[in-house]
Number of protein chains: 2
Amino acid sequence: MVKITDVARHAGVSPSTVSYALSGKRPISEETRLRVEASIRELGYRPHAGARALASSRSNVLALVVPLRAGIHVPVVMQFAVSVVTTARRHDHDVLLLTQEEGEDGLRRVADTALVDAFVVMDVQLDDPRLPLLRSLERPSVMIGFPADAEGLTCIDLDFKAAGEACVEHLARLGHRVVALVGSPPEVYVRQTAFAQRVVQGFTAAADRGRLASSVHPCEATPAAAREVAEQLLREQPALTGVVVHNEAILEPLVEAFEQLGLRVPADLSITAICPDELAENLRVPITSVALPSAEVGERAVELLMRKLDSKTVPEATLLPPRMTERASTAPRNTP
Amino acid sequence: MVKITDVARHAGVSPSTVSYALSGKRPISEETRLRVEASIRELGYRPHAGARALASSRSNVLALVVPLRAGIHVPVVMQFAVSVVTTARRHDHDVLLLTQEEGEDGLRRVADTALVDAFVVMDVQLDDPRLPLLRSLERPSVMIGFPADAEGLTCIDLDFKAAGEACVEHLARLGHRVVALVGSPPEVYVRQTAFAQRVVQGFTAAADRGRLASSVHPCEATPAAAREVAEQLLREQPALTGVVVHNEAILEPLVEAFEQLGLRVPADLSITAICPDELAENLRVPITSVALPSAEVGERAVELLMRKLDSKTVPEATLLPPRMTERASTAPRNTP
DNA sequence: GTGAAAGCGCTAACAG
DNA sequence: CTGTTAGCGCTTTCAC
């Protein structure tokens with residue numbers, strides 16, 4: 001294994017000069033820097049991560065905490081993860097994957113052993129049990145999602161309330177007067193996951209403001225459940241002409257179910273969704289949707305974390321504004 | 001931060017004794033061990049990961065290499081990942097997430113910096129460009145999937161050939177004589193991913209052996225593509241009564257498409273799949289399937305890796321035998 | 001069964 | 001602008 005002293009000798013400088021040439025933490029003359037860089041390349045030198053972590057008390061590793069509870073849409077989680085890794089690498093950091101089997105102990109463990117420098121925490125609940133720990137840990141963290149009390153924490157997410165509002169307002173503009181929200185599985189609400197609730201808030205507030213009749217329907221993530229909800233809606237709300245879907249897993253079967261029940265989309269029923277663009281684009285009827293910007297959220301989360309690691313201040317709350325794309329699933333209300 | 005010398009002082013022993021009490025690498029008297037353990041607990045001592053890695057040249061971190069190419073089913077990848085993390089933790093290891101943005105350089109980097117001790121490599125292609133590197137790296141690796149030439153490597157996967165055979169044999173036993181395989185997206189075959197090809201091999205071989213008429217149909221991972229394949233099959237193979245599906249994303253829409261085209265499952269058409277049990281169970285018509293044992297593969301992969309890290313020998317190839325579960329989607333051929 | 005001490009490879013004062 | 005050097009906290013010979 002080639003080490004820093006080998007490089008130093010080869011370049012005719014001291015180890016500290018090599019170290020500083022690498023870190024840029026003090027000025028190095030153009031000439032020696034080039035010589036050091038050449039030696040590094042020639043010898044194929046790679047600094048030992050452990051030695052570095054020990055000497056600098058920085059591991060350059062972030063922990064990504066992925067609980068993977070029931071009712072979450074896995075592809076979205078994966079997109080987050082990929083974008084977190086990609087962005088972390090751009091900042092010369094690696095990513096340690098932490099699932100929730102160990103619970104909060106896992107967080108404490110990797111923090112206490114100095115395995116990681118900071119945390120990206122996903123799937124945050126309104127009353128998340130990890131909050132006290134994250135506040136007490138001496139390492140910075142960024143949460144993807146908002147708890148009820150975010151005091152002293154850094155959070156980022158799509159503005160789900162505004163997303164819910166945007167969907168309703170879009171339908172209202174098209175003349176729809178009776179709308180329904182088909183939401184996440186019941187357990188997601190029971191668990192008090194913030195984002196699901198905020199969609200409901202936005203949906204309801206916008207409907208009330210616009211004097212639309214509205215109702216909310218949690219829905220399991222199975223095609224069968226989707227069909228049931230479709231039937232129920234038709235039965236109980238015959239005047240319904242606008243639907244907002246906030247449940248990736250059942251978007252496709254729900255649309256199919258409505259059509260099988262004799263409703264044409266968008267002629268008889270307008271449908272909008274809050275979901276990844278990729279999903280909305282690829283259905284048989286492309287769906288007007290507010291994008292779930294997983295990649296952007298992951299990227300921004302890591303960038304916030306990097307600023308915190310540099311002891312810079314960051315906003316406590318970052319809400320990404322909803323971005324709606326009109327596709328083939330919404331149309332003006334068919335007034336007979 | 002509490003360190004090993006603090007614990008040593010508190011317990012009235014030397015640092016090395018604390019270290020050995022922790023690692024068990026040399027005998028410690030019951031009495032001192034208990035005293036050391038008590039001190040550790042009392043002081044809340046956690047060994048510094050970097051210091052440990054530096055002194056022992058073991059980081060106790062595995063790299064999980066997840067390429068995330070097009071055409072792979074994300075939930076399955078996630079299941080692998082979770083099971084890899086869980087099993088690694090059981091063996092006192094953590095998991096670093098490596099996507100393929102960096103390509104092979106990423107592997108080399110984390111190996112050369114001693115960030116990780118070993119690799120779990122997913123989504124292996126028949127002619128995988130990472131193979132030479134993995135062979136040359138001084139760190140052990142286990143591949144999930146089989147390349148064309150696995151010489152000198154350790155591989156594990158479901159026996160996809162046997163899985164393809166099992167599906168055909170099941171249909172043959174039920175009296176079906178004309179069968180089709182609806183496979184993965186074309187890019188998966190073009191890329192020469194081993195598992196997709198092996199399903200085709202097994203499917204075709206078993207069909208030939210049983211003198212069944214058979215055909216193979218790659219299919220994009222979209223509902224629209226599923227509908228097209230269904231229509232095509234009905235048009236071109238009117239005698240078709242048995243279908244094997246190896247494409248998680250389109251299983252549900254394909255079944256729906258067949259039924260909308262007037263075929264009842266299983267009365268007119270028997271369907272079997274190679275997919276996660278969870279998917280097969282939750283369709284409106286539960287599907288007879290060979291399980292994709294993601295969790296087991298991930299677990300076994302890590303266990304192989306642990307044996308290699310202990311310099312024990314392991315089999316080069318581990319093929320998990322297919323396990324078929326009969327559900328509601330297959331029935332004896334309806335002989336009019 | 002236990003202790004002393006020499007590193008592991010790097011960073012960051014401190015010194016010039 | 002560069003070199004010298006003292007650790008960072010742990011493991012592991014070597015010695016008893």
Side-chain angles (χ1 to χ4, degrees), chain A residues 1-37 39-40 43-61 92 109-117 138 309, chain B residues 1-37 39-40 43-61 92 109-117 138 309:
Chain A
M1 186 207 189
V2 31
K3 38 203 193 197
I4 201 168
T5 51
D6 299 329
V7 177
R9 195 175 323 114
H10 187 273
V13 298
S14 75
S16 59
T17 298
V18 177
S19 177
Y20 286 119
L22 240 26
S23 69
K25 288 192 182 172
R26 84 180 183 190
I28 303 278
S29 77
E30 177 76 3
E31 188 203 325
T32 43
R33 216 201 55 238
L34 289 175
R35 220 170 46 236
V36 168
E37 281 166 2
S39 297
I40 288 177
L43 302 182
Y45 168 66
R46 302 274 204 175
H48 187 286
R52 209 168 222 199
L54 180 56
S56 68
S57 36
R58 279 297 187 93
S59 67
N60 275 36
V61 174
D92 196 31
R109 182 176 58 80
V110 296
D112 288 352
T113 58
L115 226 195
V116 309
D117 295 335
E138 67 291 9
L309 281 171
Chain B
M1 186 206 191
V2 32
K3 39 204 193 195
I4 201 169
T5 51
D6 299 330
V7 177
R9 194 176 324 112
H10 187 274
V13 298
S14 75
S16 59
T17 298
V18 177
S19 177
Y20 285 119
L22 239 25
S23 69
K25 288 190 183 174
R26 85 179 181 190
I28 303 279
S29 77
E30 178 75 3
E31 187 204 327
T32 46
R33 215 201 55 238
L34 289 174
R35 219 171 47 237
V36 168
E37 281 166 3
S39 298
I40 288 177
L43 302 181
Y45 168 65
R46 301 275 205 176
H48 186 287
R52 210 167 220 200
L54 179 56
S56 67
S57 36
R58 281 297 187 94
S59 67
N60 275 35
V61 175
D92 195 30
R109 182 176 59 78
V110 295
D112 288 353
T113 58
L115 225 195
V116 309
D117 295 336
E138 67 291 8
L309 282 171

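Chain letters run A, B, ... following the sequence lines, proteins first, then strands; residues in each count from 1.
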When we call it a touch if two heavy atoms are under 4.0 Å apart, what does A:Val18 touch: a base, just sugar-phosphate, or nothing?
nothing
Spell out, as yes or no, whether a donor-acceptor pair under 3.5 Å connects the side chain of A:Asp92 to the backbone of A:Asn60.
no
Short side-chain N/O contact from A:Thr5 to OP1 or OP2 of C:dC10, under 4.0 Å:
no
Looking only at side-chain N and O atoms, does A:Ser29 come under 4.0 Å of OP1 or OP2 in D:dT2?
yes
Hey, which sits more toward the 5' end of DNA chain C by its nearest nucleotide, A:Val2 or B:Arg33?
B:Arg33
Are any non-hydrogen side-chain atoms of B:Val36 and B:Ile28 less than 4.5 angstrom apart?
no
Which nucleotide in the list D:dT12, D:dG3, C:dA12 gets nearest to the side chain of A:Thr17?
D:dG3
Any side-chain N or O of A:Lys25 below 4.0 angstrom from OP1/OP2 of C:dA12?
yes
Taking atom CE of A:Met1 and atom OG of B:Ser57, what is their separation to the nearest 0.5 Å?
9.5 Å
For atom CG of B:Leu34 and atom C1' of C:dG1, their distance in whole Å:
15 Å
Could one point to a donor on the side chain of B:Ser56 or the base of D:dT12 with an acceptor on the other under 3.5 Å away?
no
Please determine, for the side chain of A:Lys3, which listed nucleotide (C:dC10, C:dT2, C:dA13) has the closest atom?
C:dC10
Closest approach to the side chain of B:Ile28, judged atom by atom: which nucleotide of D:dT2, D:dG9, C:dT2 is it?
C:dT2
From CG of A:Leu22 over to C1' of C:dC10, roughly how many Å is that when rounded to an integer?
11 Å
Between A:Glu30 (CD) and D:dC1 (P), how many Å, whole number?
11 Å
It should be established whether A:Ser14 places a side-chain nitrogen or oxygen under 4.0 Å from OP1 or OP2 of nucleotide D:dT2.
no
d(CG, B:Leu54; C1', C:dG7) in whole Å
9 Å
With a cut-off of less than 4.0 Å, is there a side-chain N or O of B:Arg52 near OP1 or OP2 of D:dT11?
yes
5′-ward residue of the pair B:Tyr20/B:Arg46 relative to DNA chain D:
B:Arg46
Under 4.0 Å, counting only non-hydrogen atoms across every strand here, what does A:Thr32 touch: a base, just sugar-phosphate, or nothing?
sugar-phosphate
Return the nearest nucleotide to the side chain of A:Tyr45; candidates are C:dT11, C:dC10, C:dT2.
C:dC10
Listed nucleotide nearest any side-chain atom of A:Pro27, set D:dC1, C:dG9, D:dG3
D:dC1
Protein-nucleotide distance (A:Met1, atom CE; C:dG7, atom P), rounded to Å
18 Å
No-hydrogen, no-angle side-chain donor-acceptor test under 3.5 Å, A:Ser19 and A:Ser16:
no
Starting from P on D:dG9, measure out to CG on B:Asp6 and report it in whole angstrom.
9 Å
Salt bridge or not between B:Lys3 and B:Asp6? Use side-chain N to carboxylate O under 4.0 Å.
no
For B:His48 and C:dC8, what is the distance between atoms NE2 and C1' respectively, to the nearest whole Å?
14 Å
Side chain of B:Ala55: nearest nucleotide among C:dT2, D:dT2, D:dC10?
D:dC10
Using whole Å, what does the distance between atom P of nucleotide D:dG9 and atom CG of B:Leu43 come to?
15 Å
base_contact_polar (D:dT12 base, B:Arg26 side chain, donor-acceptor, <3.5 Å):
no
Hey, does the side chain of A:Ser19 come within less than 4.0 Å of C:dA12's phosphate (OP1/OP2), counting only N and O?
no
Heavy-atom distance under 4.5 Å between the side chains of B:Leu22 and B:Ile40, does that happen here?
yes
